[in-house]
Amino acid sequence: MGIDRIKYRSWKGGKSSHFRRVYSIILNIFIQKIKSKGILAILIIGLILVHAFPIIFGALFPHEELTPEMLVGSSIILGSYLKNGLLVIFILLLVSLVCSDLISQDLKDKSFVLYFSRPIKTLDYLIGKIGGAIGIISIFTFFPFIFYCLVIIGTQTGDDYSGSFSVFGKTIIVGMLTTFFFVSYGIMISSLTQKKTYAGIGIFMSFFVLTIVGSIFSTFDQNWVFISPINLLFYSYDIIYGIDIPSELNSNIIGILLFCILFIPLVVTYTQIYKKEVGR
Amino acid sequence: MNDIKIKTVNLSKWYSKIIGLNSFQLDISSGITGLVGPNGSGKSTFFKLAIGALKPKTGQIIVLGQNPWMNQKLMSDIGFCPDYDSLSDETTGKEFLELVGGLHGLKGINLKNRIDETSEIVGMKEDLYRKIGGYSKGMRQRIKIAGSILHNPKLLLLDEPLSGADPNVRKSLINLIKSLKNDLGHDIVVSSHVLYEIERMTSKIALIYKGRAIASGEISDIRNLIDEHPHNIIIEGTKLEELAKKLLEKKYTISVGYQENRKKIKVQVSKPDEFFDNITEIITDLNCEVTQMYSLDDNLEAVFNYLVER
């Protein structure tokens, strides 16, 4: 095999575009995941079962404006849009599929070297992985919420758009919170094992186990319900939308636990990567 | 110009009770340098220290005039091809190269052009759109090498690039590595546990054994010593009986024996260089299908023991 010297021109481009490096990881993760038939199937089925009906019925039913109750309240026909068991199950399935191999596969294949033999820091790697996962999960946990709000606002009969857009803004926060909440947790579980199957099952089951634990202990103290990430997330929705939570529950605990569940997993993941593959 | 590319001073690295490198002293200059040592001798540890993936316990390693530990900027000047396969089977060759290029800050038309160029250099242009899961061992090595030269680094570190490849692939990979230096000007450090493979790429070698650099310099200085020891080679494939008969006719063949229910033959030769020169021709003449051919470590281990004891 010879090389034609005339055709070859050595690359003289810049080597310091930081964002581009992180973006290439995000893009790679996104492309890999969106090509997965399992993820695509969950996304399509979930979008139809969980999001399509509330959006269609929401648009058809007469309404004056977009209210928090339409999102987190319980309607007779469809139940609650955001506090919906089916929604949670589909999110968990999706997060299990998307996040389970994000770190575990690199641990197993030793493919960290693919990243860290390039001008990439541990934090860049982590941001890239999280960004790619957020890109996929937000298709289910962010954009449909936004679309729902826009449809409701577009078909409202009343004139109070400021109230509707206030709820719309809060829904953007809810969507971002929901996406980051699950991705942060999922990526942590993925960093704790080299087997993606364990990580996937771990993500799915840990939510249910914690929910059961919460329901058992809440008979002693109501605040134990927050040990369940799902309950924690649902009560966070209430606080964001300005809906009163039961007086026996302590809203400070929600804040503290929410902070912990959003950021401690990231610290754990960073430490795992650093300890196992970088800082040896 | 014979400037120092990698310099180590009393470099040591150990993992709990296992020693990776032990007071390792070696200067690597420009050109192609071969690192030869049995499996577990510390070659991969040396490469990981050179790319900053490991932190030295004691001593120092300087690569291109800089300390590689936590030095991401230096990685722009280094191309590393690891010994293990960390490629995702679901990714296409093009997607892999796009990711690698992106990690080096390449984008747009620059990236596209570089992917075209490097895939042509490694002979993978036609297979870029295939999934890596469908690649042969040789193709996987080629795409890894393409990934390591994509950003046109000053220094290439190739850890066991020939391992597991069949004879024809080995030959073409050796030619590729030589052309990366001769035609494109890359300085290369390449490792192998087979001296005769390294010999075909360069005359400059360093021998590594049990975490120490026991000798370095021109290959001819130690070659005679090594040739005194019989060399064992395993060949796996079809028409092995005919191949064995043909090999036994050669003066350099000491013995040929079957292994694993006649699925493999073990060839013991006195002059490995002649064997490696002739084997491709013999395989082609007999129309054998050789799936794997590799040298046994124990032979090299014996040579190293011999060298250390001298």
Side-chain angles (χ1 to χ4, degrees), chain A residues 1-39 101-102 105-125 128 132 274 276-280, chain B residues 13 15 47-48 51-55 70-82 84-88 90-91 95-96 98-108 110-111 113-114 116-118 120-123 144 147-148 150-152 157 172-173 175-176 179-180 182-185:
Chain A
M1 175 193 316
I3 292 169
D4 188 343
R5 279 180 65 91
I6 299 163
K7 277 186 184 171
Y8 180 77
R9 295 176 305 281
S10 64
W11 177 64
K12 302 288 184 195
K15 295 180 179 176
S16 58
S17 51
H18 183 77
F19 176 75
R20 171 69 206 173
R21 289 164 193 180
V22 176
Y23 173 72
S24 62
I25 302 176
I26 295 173
L27 190 66
N28 183 262
I29 300 288
F30 188 85
I31 291 171
Q32 292 307 313
K33 297 296 175 186
I34 207 73
K35 275 169 36 180
S36 158
K37 285 174 187 162
I39 291 171
D101 63 348
L102 277 184
Q105 199 67 31
D106 286 343
L107 283 168
K108 187 183 167 206
D109 296 344
K110 298 177 182 176
S111 42
F112 283 108
V113 76
L114 170 67
Y115 299 95
F116 298 130
S117 61
R118 324 280 172 189
I120 284 286
K121 293 179 180 172
T122 313
L123 193 60
D124 299 333
Y125 165 84
Y274 196 85
K276 287 185 179 169
E277 292 300 326
V278 185
R280 295 192 298 172
Chain B
K13 176 69 190 177
Y15 317 90
F47 281 123
K48 285 178 184 170
I51 60 163
L54 291 175
K55 187 182 181 182
M70 300 297 272
N71 187 350
Q72 273 73 30
K73 201 178 166 189
L74 177 62
M75 296 308 120
S76 290
D77 292 327
I78 296 175
F80 178 54
C81 178
Y84 45 85
D85 202 335
S86 56
L87 305 170
S88 166
E90 292 303 308
T91 310
E95 285 166 352
F96 167 71
E98 280 173 346
L99 170 64
V100 169
L103 293 176
H104 282 287
L106 285 162
K107 61 181 175 182
N110 270 338
L111 178 57
N113 288 343
R114 278 302 289 168
D116 286 347
E117 285 175 2
T118 49
E120 197 172 340
I121 288 167
V122 300
K144 280 200 294 182
S148 65
L150 194 72
H151 59 296
N152 197 26
L157 306 175
S172 66
L173 283 173
N175 289 338
L176 168 64
S179 65
L180 289 175
N182 297 334
D183 298 343
L184 307 179

Next item on the list: Please round to the nearest 0.5 Å and tell me the distance separating atom CG of A:Asp124 and atom CG of B:Leu103.
Entry: 9.5 Å
Margin query: Which residues pass the side-chain contact (heavy atoms from CB on, under 4.5 Å) test with A:Ser117, not counting sequence neighbours?
Written below: A:Val113, B:Ile51, B:Phe80
Margin query: If I compare all heavy atoms of A:Tyr274 with all of B:Met70, which pair ends up nearest, and what's the gap?
Written below: OH-CE, 3.6 Å
Note to self: For the CD atom of B:Glu98 and the CG atom of A:Asn28, what is their distance to the nearest 0.5 Å?
What the structure shows: 9.0 Å
Next item on the list: Could you list which of residues 31-38 of chain A have a heavy atom closer than 4.5 Å to any heavy atom of chain B, in residue-number order?
Entry: A:Ile31, A:Gln32, A:Lys35
Item checked: Worked check of side chain to side chain contact (heavy atoms under 4.5 Å, CB included) between A:Arg118 and B:Leu150 -> CA-CA 11 Å; A:Arg118 324 280 172 189; B:Leu150 194 72; over 6 Å; no
Next item on the list: State the OG1-CD distance between A:Thr122 and B:Gln72, to the nearest 0.5 angstrom.
Entry: 7.0 Å
Next item on the list: Measure the shortest side-chain to side-chain distance between A:Pro119 and B:His104 over non-hydrogen atoms and say whether it is less than 4.5 angstrom.
Entry: yes
Next item on the list: Name the region of A:Tyr115, side chain, backbone, both or neither, that has any atom closer than 4.5 Å to a heavy atom of chain B.
Entry: both
